[in-house]
*Asks:* 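Next up is a structure, given as structure tokens.
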Amino acid sequence: MTDLISLTNVNKYYGDYHALRNIDLTIKTGEFFSLLGPSGCGKTTLLRTIAGFEGVSEGVVMIGGKNMAGVPANMRPTNMVFQSYAIFPHLTVAENVAFGLRKNKQMDKLQKSEAVDQALEMVGLKGFGDRQAHALSGGQRQRVALARALILKPKVLLLDEPLSALDKKMREQMQVELMRLQRHVGITFILVTHDQEEALVMSDRIAVMFDGEIGQMDDPETLYRRPNSRRVAEFIGKMNFLDADVKSVSDQITVDVAGLGTCTVNAEQAPSGIDTGKAAVGIRPETLAILFDGEKTERETIAGVVDEVVYYGDMTYYDVRIAGVDNTLNIAMKNLIGRPVLDVGAQTTVVWDARSLVLLP
Amino acid sequence: MVSPPLVYALLLLAFPLGAIVLFSFWTQNFMDVDTTFTLNNYREIIEKPIYFALLQRSLFVSGTVTFVTVLLAFPVAYFVSFHVRPDRKSLWLFLITIPFWTSYLIRVFLWKVILGYNGVVNTGLLNIGLIDEPLTFILYNVNAVIITLAHAFAPFAILPIFVALEKIDRSLLEASQDLGESKFTTFFRVTLPLSMPGLVAAVLIVFIPTIGDYVTPELMGGAGGKLIANMIQTQFLALNNAPLGAALAIVAMLCVTAISLLFVFLNRRYLRGRS
Amino acid sequence: MSLRIYAIAYLIFLYAPIILLPIFAFNDATIIAFPLSGFTTEWFGELMTTKALHGAVQNSIFIAVITASLSTILGICAARAGAMYNFPLKRGILGLVMLPLVLPEIIVAVSLLIVVVQILDLGLSNWTVIAAHVLICTPFCIAILNGAFQNLDPSMEEAAMDLGESRWSAFRLVTFPLVMPGIISSFLIAFTISLDEFIIAFFLTGANPTMPVYIWGLLRFPSSLPIVMALGTILVALSIILLTIAEILRRRGMARVGVKDKGGFL
């Protein structure tokens with residue numbers, strides 16, 4: 001894959017407010033790329049600088065090898081699906097989809113209407129062309145917005161929180177459809193979302209943003225398993241944090257973890273350039289386990305007391321208190337056959353493994 | 001985008017308002033304007049009892065009209081907001097606003113027909129036998145002016161109250177009843193305080209403009225029902241004493257503004273005192 | 001239930017004078033009082049032959065058309081700016097523009113009179129009336145157009161630009177059709193206000209009176225009162241027609257952008 005979009009040292013100021021800080025990123029042709037972060041982190045601003053609705057204060061935005069400085073939104077090879085969908089309410093569905101073809105001189109009327117039909121079929125709205133736009137449901141509007149953008153065959157499709165207005169079921173269904181659609185058309189998608197699950201499910205790569213900066217940019221698995229900072233780890237999934245003291249750093253790292261004792265981890269479990277001294281250790285709830293009666297393990301164990309039980313049906317989440325740690329450890333257990341749900345106050349044994357630890361600065 | 005209306009408002013509103021203030025410190029002798037600064041106009045207003053009497057009567061009429069209008073309008077706004085089906089609301093509002101847009105002069109004149117010696121009210125009451133001779137206290141005096149103005153400004157009072165009532169989250173009323181208030185006490189503890197902004201807007205939007213109406217007192221007020229606006233009009237158009245008219249206009253405006261501000265202030269205090 | 005009865009009684013109170021208009025317009029007597037004497041269309045016929053009235057009507061229509069056009073244009077500027085942009089002193093500026101809504105009309109009238117006659121030393125004409133009418137109509141236009149513009153999703157124009165349209169063609173293809181009903185509605189309301197306005201026109205009118213000023217003159221002569229009733233009947237019918245069109249358009253505009261109608265002009 002070749003680089004389609006590259007942003008070099010992009011900064012954006014609104015008066016005194018520094019909305020984008022030294023953004024450097026490249027996105028490849030055909031990639032499904034997500035900008036993930038809490039509201040106000042600058043992800044939508046970044047998307048709008050790529051679309052051409054916002055200029056940059058410093059830095060260069062290149063799309064397809066061309067510098068986009070001074071190129072307005074209507075001249076860029078990008079199209080956008082807006083958060084509100086921005087479906088023109090005074091037009092029919094077909095007129096909405098055909099909106100961007102108005103200035104296309106190569107296609108005659110018939111070709112245009114065929115293209116509209118194709119686009120509608122692609123998003124599952126075959127036969128909806130004559131409907132009035134304001135009578136559509138949320139999911140249907142979303143599909144019209146997709147068809148309207150994709151009919152122009154943009155190099156990049158920009159999606160600004162496209163699923164946030166839908167209910168949970170509809171959202172999950174559209175996630176799958178969007179992925180299938182992206183593979184089908186082969187166009188680069190850039191998705192803005194605040195929903196970490198959505199980003200993990202759909203993306204090839206994710207940039208996590210905080211306060212106008214990119215905190216980490218990686219594929220979903222690396223991002224989940226090897227977060228490079230505490231705030232990335234906190235934002236994506238659940239994570240237990242324990243105080244730690246790094247004793248020595250070589251090919252392997254020796255670290256003293258509060259409540260768990262001294263252990264050795266591989267260098268890849270720590271951010272590069274980690275030094276001896278105070279640090280933190282992160283453990284995902286599903287990498288810890290409770291040792292039920294009759295179960296055996298070869299991994300490390302430590303005694304604990306159940307502090308809180310949250311029953312989810314397929315899962316049970318336990319908060320377990322262990323000696324030498326102020327916070328409780330959150331542990332996720334599958335409710336397999338024969339496993340009881342423990343009561344608050346029960347004495348129990350916690351299983352852990354040094355391979356699942358993540359060292360954080 | 002905002003500059004054209006702003007420039008227009010500055011040129012034709014702010015600038016003329018400044019001019020009228022300046023003018024009130026000048027004097028005029030027939031057609032010649034003397035531009036020496038003087039307080040003579042204001043002195044004359046203070047010294048001659050006629051102006052004070054007119055101003056007092058004007059403020060009384062405006063105040064009474066406001067009170068009557070808002071009092072009569074509130075139940076209607078409440079009815080439309082709370083008891084009319086949502087799809088019928090705009091029809092009701094439309095019906096309420098229509099008379100307001102139609103031929104002001106003729107509407108005022110028709111009140112003369114209604115309240116007059118041989119008018120609708122008197123012939124009606126005579127026919128029923130409630131009275132033996134036509135009532136005379138309802139035309140050519142302050143009462144007639146008040147009735148007519150209250151009619152003219154009715155929609156102005158209803159609309160802001162309606163808007164404020166519409167904004168009230170209906171679950172607040174349910175919450176109040178859930179917490180032990182009756183429907184009646186809920187009205188006084190929840191609905192009324194929340195509709196205050198609309199009520200205040202209604203009061204101001206009726207009270208301030210009524211001070212400037214000279215048509216109704218001219219047609220309905222008779223000799224004893226003339227108001228300050230008639231005097232301003234006379235100074236400008238008949239007596240050619242624009243500076244005195246300007247000073248009268250300013251004094252009237254100042255009084256109205258002061259009373260309005262006092263009202264807004266007292267209302268704020270009242271609302272804060274509750275919470 | 002008692003509230004409903006009260007509300008209906010209130011509506012009757014509101015409509016009482018208007019209901020009397022046609023009654024006396026067709027009444028065969030020069031005195032406007034009960035009892036009625038007989039049916040006639042004489043007064044309407046007399047309207048047709050009164051030359052001075054025709055001049056006044058022409059004047060008023062000229063003033064109303066220009067006023068409605070200008071105040072609608074100013075209203076579009078203000079409503080669009082108010083709905084789409086933030087700028088310094090926004091509240092203060094919009095407040096100043098909306099001020100004539102609460103300002104006593106006599107103040108507007110005398111202050112403009114002073115500026116035009118005493119300071120600029122110009123004569124009074126239809127244009128002085130227009131200047132003042134635009135001032136008082138603009139707030140109403142803004143109120144109506146605000147409804148049209150605030151319901152407009154700002155990303156709508158961006159979407160059009162994203163799909164290849166320029167800034168101007170995005171406005172022409174998307175925003176304009178969406179706010180068109182509001183624009184016509186605003187024009188009709190401003191037209192109605194200007195056509196009916198008397199207090200200011202009386203001060204600022206030139207040698208040719210407007211229709212309300214002419215009517216004011218007629219009110220002094222008892223013999224011409226039936227003609228006034230006939231004229232009033234026509235005017236009321238006309239304003240109701242115009243207002244109904246304005247209201248239908250306003251609602252259609254709301255429906256077009258898919259917004260629930262919350263009712264009312266203001």
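Throughout, a chain's letter reflects where its sequence line sits, starting with A, and its residues are numbered from 1. None of the values given here were measured: they were computed from a predicted structure.
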*Asks:* Taking all non-hydrogen atoms of both residues, which atom of S84(A) and which atom of S155(C) are closest, and how far apart?
*Replies:* OG-OG, 2.9 Å
*Asks:* If every non-hydrogen atom of F82(A) is compared with every non-hydrogen atom of E158(C), which pair is closest and at what distance?
*Replies:* CE2-OE1, 3.6 Å
*Asks:* Determine the option with the most heavy-atom pairs under 4.5 angstrom with chain C, choosing from M80(A), R148(A), R102(A).
*Replies:* R102(A)
*Asks:* Select one option (side chain, backbone, both, neither) describing which atoms of L158(A) are under 4.5 Å from chain C's heavy atoms.
*Replies:*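 Interface part for L158(A): neither.
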*Asks:* To the nearest 0.5 Å, tell me how far T175(C) OG1 sits from H90(A) NE2.
*Replies:* 8.5 Å
*Asks:* So what's closer than 4.5 Å to chain C heavy atoms on F99(A): side chain, backbone, both or neither?
*Replies:* both
*Asks:* Determine whether more than 12 heavy atoms belonging to other residues, nucleotides or ligands lie under 6.0 Å from atom OH of Y14(A).
*Replies:*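 More than 12 heavy atoms, drawn from other residues, nucleotides or ligands, come within 6.0 Å of this atom.
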*Asks:* Minimum heavy-atom separation for A149(A) to L163(C), with atom names?
*Replies:* CA-CD2, 4.5 Å
*Asks:* Out of Q132(A), R48(A), M75(A), return the one with the most heavy atom pairs under 4.5 angstrom to chain C.
*Replies:* R48(A)
*Asks:* Relative to chain C, which segment of R76(A) carries a heavy atom at a distance below 4.5 Å: side chain, backbone, both, or neither?
*Replies:* neither
*Asks:* Search all heavy atoms of F88(A) against all heavy atoms of A159(C) and return the closest pair with its distance.
*Replies:* CZ-CB, 4.2 Å
*Asks:* Is D153(C) close to chain A through its backbone or its side chain, or both, or neither, when contacts mean heavy atoms under 4.5 Å?
*Replies:*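 For D153(C), side-chain heavy atoms alone lie under 4.5 Å from chain A.
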*Asks:* Where on S169(C) is there a heavy atom nearer than 4.5 Å to chain A: the side chain, the backbone, both, or neither?
*Replies:*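 Contact with chain A is through the side chain of S169(C) alone.
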*Asks:* Does the N79(A) side chain pair with the main chain of D162(C), one donor and one acceptor, at a distance under 3.5 Å?
*Replies:* yes
*Asks:* Pick one of side chain, backbone, both or neither for F53(A), based on which atoms fall under 4.5 Å of a heavy atom in chain C.
*Replies:* side chain
*Asks:* Write down the atom of M156(C), the atom of P89(A), and the distance for their closest heavy-atom approach.
*Replies:* CE-CD, 3.6 Å
*Asks:* Using heavy-atom distances under 4.5 Å, tell me whether A170(C) contacts chain A through its side chain, its backbone, both, or neither.
*Replies:*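 For A170(C), there is no contact with chain A at all, as no heavy atom is under 4.5 Å.
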*Asks:* Does N74(A) reach the main-chain N or O of E165(C) with its side chain, forming a donor-acceptor pair under 3.5 Å?
*Replies:*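 Confirmed, N74(A) side chain pairs with E165(C) backbone.
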*Asks:* Taking CG in N67(A) as the centre, count heavy atoms belonging to other residues, nucleotides or ligands within less than 6.0 Å. Is the count above 12?
*Replies:*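 More than 12 within 6.0 Å, yes.
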